[in-house]
Student: 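Right, I'll just put the structure down here and ask away after.
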Amino acid sequence: MLANEVTSLLDHLGVSADRRTGARAVRSPLTGKTIGHVQDASQQDAAETIALAEAAFRRWREVPPPRRGELVRLLGHELRAARDALGRLVTIEAGKIVSEGRGEVQEMIDICDFAVGLSRQLYGLTIASERPHHRMMEQWHPLGPAGVITSFNFPVAVWSWNAALALVCGNPVIWKPSEKTPLTALAVQTLFERAAVRAGNIPHGLCTVLLGGRDVGEVLVNDPRVPLVSATGSTAMGREVGTQLARRFGRSILELGGNNGSIVCPSANLDLALRAIAFAAIGTAGQRCTTLRRLFVHDSIHDEFMARLKRVYASVRIGDPLKSDEVLVGPLIDAAAFENMQRALKEARAHGAQVHGGERVDEKQFPDAYYVRPALVEMPAQTGPVLVETFAPILYVMKYTDLDAAIEQHNAVAHGLSSSIFSTDMREVETFLSVAGSDCGIVNANIGPSGAEIGGAFGGEKETGGGREAGSDAWKAYMRRVTSTVNYGDDLPLAQGVRFDI
Ligand code: UN1
């Protein structure tokens, strides 16, 4: 039974018994059955946790960054040892296939490694002063407790992108995971605590988890002691979080999903494109924010490519990922996701679409779980459901003839997360990557829009929210920039030549 396996995984990961008892049942999308219980935090608990984080901040900010990096190095060490067990728990709690569950833990390890290096590279600039005997410089100081709100689909990796950076930057982290995936969060918290014990002298309350729903998230968003909230989820959620934070001048990092597109050009390597598109559109059962949802295929290759895609969609193995490594598509997260998918497909038909797949499978075996065949949808135009993000495996395919017009269509949606072009014509590739090309935060060539490495900054424009997480200089969002001008002379020349003689 799945519940028994979860118990032994949590035992193996060292999650204490008191943490996994409570009033709220946790279900696995693999079966729809209960796999454990947790206790949600109250608003009072949340306020107390913030007070703890504030106290922890006063100590942690004084710890030299490379020492802070040592804690993150030890966390990476714990994650390496726990990769299989935690990856399997991700599979059970979020429904992704085993290799993707492990991959998610690998993503955590990668960002820990990145952050350890970063802990010695929190560089500021020295800046040429216009005044004699003056020096200007920038320093980056810790900001304060960071609230991290994460979604079910990457139940642990997105926390780690934020936490690994926030910790080396000198900030405590308060995590509100998705209500759908509390057990993986408790497992990660346990691993963090083990790393903290090994590191020694780590302030109490440096990293904490608050389980619960919207009310708990709201405490983080509204409390001025939390200067930064990083939130992943729907655009509707992000709009509220962003507005409430702005009202109190809190800082936000918003990562709010996408309606990602790819363009397949006549010169594309179609074998490569087929594999990339299958992974990007079908992988994680279409439940990545980077999932490929819109495909523009050139007229001259459309029919041939569609025929190949149809074969993939008809043959891809769907089912319980714990049963076979050949399963490539696990379940949708819940009934609501299934209903949203069906609603979108119905709407697509009303807009003249031809729908292949999309039906529920294994319903008799799993009456409470939602396994579906990914849907391949031939759309006459980019209308109706194509314009919105439906968090399910639906790929809308459209024909194009002129690349500029295709790029315009590509950009004519509300989101701006990720995108890609398949072409061996460098003019086409460079056009797509140029200012006149894709308007997304991630713009790829000859790979799909999903599956980003942590080394780059991750995030997107428009209704994706504008935030950047993970690599490059995303760390700067977790710090306070200080500009200092130092006068080492005996005169007081004023900037801009202003005279003010007293
Ligand atoms: C998400 O779906 O919220 O680029 C994150 C990717 C993953 C992260 C996805 N590395 O697909």
Side-chain angles (χ1 to χ4, degrees), residues 29 79 87 90 93-97 99-114 148-165 175-178 180-181 184-185 230-238 241 253-262 275-293 328 330 332-333 337 389-393 395 415-420 438 440-445 447-461 463-472 474:
L79 288 166
V90 168
E93 210 179 29
K96 54 179 78 176
I97 63 172
S99 132
E100 289 191 61
R102 286 184 89 232
E104 179 159 356
V105 184
Q106 185 58 48
E107 196 159 344
M108 303 177 83
I109 295 166
D110 293 344
I111 193 73
C112 285
D113 286 357
F114 178 92
V148 178
I149 298 173
T150 56
S151 156
F152 78 86
N153 67 327
F154 272 77
V156 288
V158 174
W159 170 81
S160 72
W161 297 350
N162 287 282
L165 295 196
W175 182 13
K176 198 211 81 70
S178 162
K180 294 167 189 165
T181 53
T184 42
S230 173
T232 304
S234 68
T235 293
M237 178 278 289
V241 167
I253 299 176
L254 299 177
E255 204 266 276
L256 310 175
N259 188 359
N260 314 296
S262 288
R275 287 191 54 208
I277 288 163
F279 171 64
I282 299 174
T284 333
Q287 299 172 111
R288 287 193 191 215
C289 55
T290 49
T291 289
L292 175 61
R293 309 198 181 281
L328 294 182
L332 294 177
I333 189 70
E389 178 193 40
T390 301
F391 223 57
L395 180 63
H415 288 98
L417 178 55
S418 190
S419 56
S420 79
S438 162
C440 291
I442 300 172
V443 188
N444 295 333
I447 66 167
S450 69
E453 303 174 20
I454 59 89
F458 183 91
E461 305 303 328
E463 292 197 2
T464 299
R468 292 295 186 277
E469 295 166 302
S472 185

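Both ligands and their constituent atoms are indexed starting at 1 by order of listing.
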Student: Should you measure from each heavy atom of Ser450, which atoms of ligand 1 turn up under 4.0 Å away?
Tutor: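 In order of numbering, the contacting atoms are 11 (O).
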
Student: Taking the side chain as every heavy atom from C-beta outward, state whether Ser262 and Ser420 have any atom pair closer than 4.5 Å.
Tutor: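 The answer is yes, as the side chains (C-beta and beyond) meet within the 4.5 Å cut-off.
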
Student: Counting non-hydrogen protein atoms only, what is the nearest one to atom 11 (O) of ligand 1? Give residue, atom name and distance.
Tutor: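 Going by distance alone, atom 11 (O) of ligand 1 is nearest to Thr290 OG1, 2.6 Å.
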
Student: Would you call Arg102 and Glu107 a salt bridge, taking side-chain N to carboxylate O under 4.0 Å as the test?
Tutor: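 Here Arg102 does not pair with Glu107 in a salt bridge, since their nearest N and O are not under 4.0 Å apart.
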
Student: Determine, using heavy atoms of Glu255 and all atoms of ligand 1, whether some pair is separated by less than 4.0 Å.
Tutor: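 Contact check Glu255 vs ligand 1: positive.
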
Student: Does ligand 1 come near enough to Cys289 that some N or O of the ligand is less than 3.5 Å from an N or O of the residue?
Tutor: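 Among all N and O atoms of Cys289, at least one is under 3.5 Å from an N or O of ligand 1.
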
Student: Checking the N or O distance criterion of under 3.5 Å, is ligand 1 in contact with Arg288?
Tutor: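 There is such a contact, yes.
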
Student: Going by distance alone, is a donor N or O of one side chain under 3.5 Å from an acceptor N or O of the other, for Glu93 and Thr181?
Tutor: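 The criterion, which ignores hydrogens and geometry beyond distance, is not satisfied for Thr181 and Glu93.
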
Student: Which one holds for Ile454 and ligand 1: side chain close, backbone close, both close, or neither close, with close meaning a heavy atom under 4.0 Å?
Tutor: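 No part of Ile454 comes within reach of ligand 1.
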
Student: Within ligand 1, which atoms have a heavy atom of Asn153 less than 4.0 Å away?
Tutor: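 Reading through ligand 1 atom by atom, the close ones are 1 (C), 2 (O), 3 (O).
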
Student: Any N or O of Gln287 that comes nearer than 3.5 Å to an N or O of ligand 1?
Tutor: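 It does not: no N or O of Gln287 is found under 3.5 Å from an N or O of ligand 1.
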
Student: Under a plain distance cut-off of 3.5 Å, with no hydrogens placed, do Asn162 and Ser230 share a side-chain donor-acceptor pair?
Tutor: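 Yes.
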
Student: When you measure from atom 4 (O) of ligand 1 to every protein heavy atom, which one gives the shortest distance, and what is it?
Tutor: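 Closest protein heavy atom to atom 4 (O) of ligand 1: Ala452 N, 2.7 Å.
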
Student: Taking N or O atoms only and a 3.5 Å limit, does Gly451 qualify as a polar contact for ligand 1?
Tutor: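 Min N/O separation from ligand 1 is below 3.5 Å for Gly451.
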
Student: side-chain contact (heavy atoms from CB on, under 4.5 Å) for Gln287 and Leu332? Distances and angles first, verdict last.
Tutor: CA-CA 8 Å; Gln287 299 172 111; Leu332 294 177; 4.0 Å; yes

Student: Polar-atom distance check: Trp161 versus ligand 1, any N or O pair below 3.5 Å?
Tutor: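 The answer is no, given that Trp161 and ligand 1 share no N or O pair closer than 3.5 Å.
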
Student: Sort out for me which residue in Thr291, Thr284, Thr290 forms a side chain to side chain donor-acceptor pair (under 3.5 Å) with Arg288.
Tutor: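 Looking at Thr291, Thr284, Thr290, the match for Arg288 under the side chain to side chain donor-acceptor pair (under 3.5 Å) is Thr284.
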
Student: For the backbone of Gly257 and the side chain of Thr464, can you confirm whether one donor and one acceptor N or O come within less than 3.5 Å of each other?
Tutor: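 Looks like yes, one N/O pair under 3.5 Å.
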
Student: Keeping the roles fixed (side chain from Glu469, backbone from Phe458), state whether a donor-acceptor pair exists under 3.5 Å.
Tutor: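 Absent.
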
Student: List the steps, then state whether side-chain contact (heavy atoms from CB on, under 4.5 Å) holds for Phe391 with Phe152.
Tutor: CA-CA 12 Å; Phe391 223 57; Phe152 78 86; 3.9 Å; yes

Student: Has ligand 1 got any nitrogen or oxygen that is less than 3.5 angstrom from a nitrogen or oxygen of Glu107?
Tutor: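 Yes; the residue has a nitrogen or oxygen that sits under 3.5 Å from a nitrogen or oxygen of the ligand.
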
Student: Would you say ligand 1 has an N or O under 3.5 Å from any N or O of Phe458?
Tutor: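 No - when backbone and side-chain N and O of Phe458 are compared with those of ligand 1, no distance drops under 3.5 Å.
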
Student: Could you check atom 9 (C) of ligand 1 against the protein and tell me its nearest heavy-atom contact, residue, atom and distance included?
Tutor: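 Ranked first by proximity to atom 9 (C) of ligand 1 is Phe154 CE1, 3.6 Å.
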
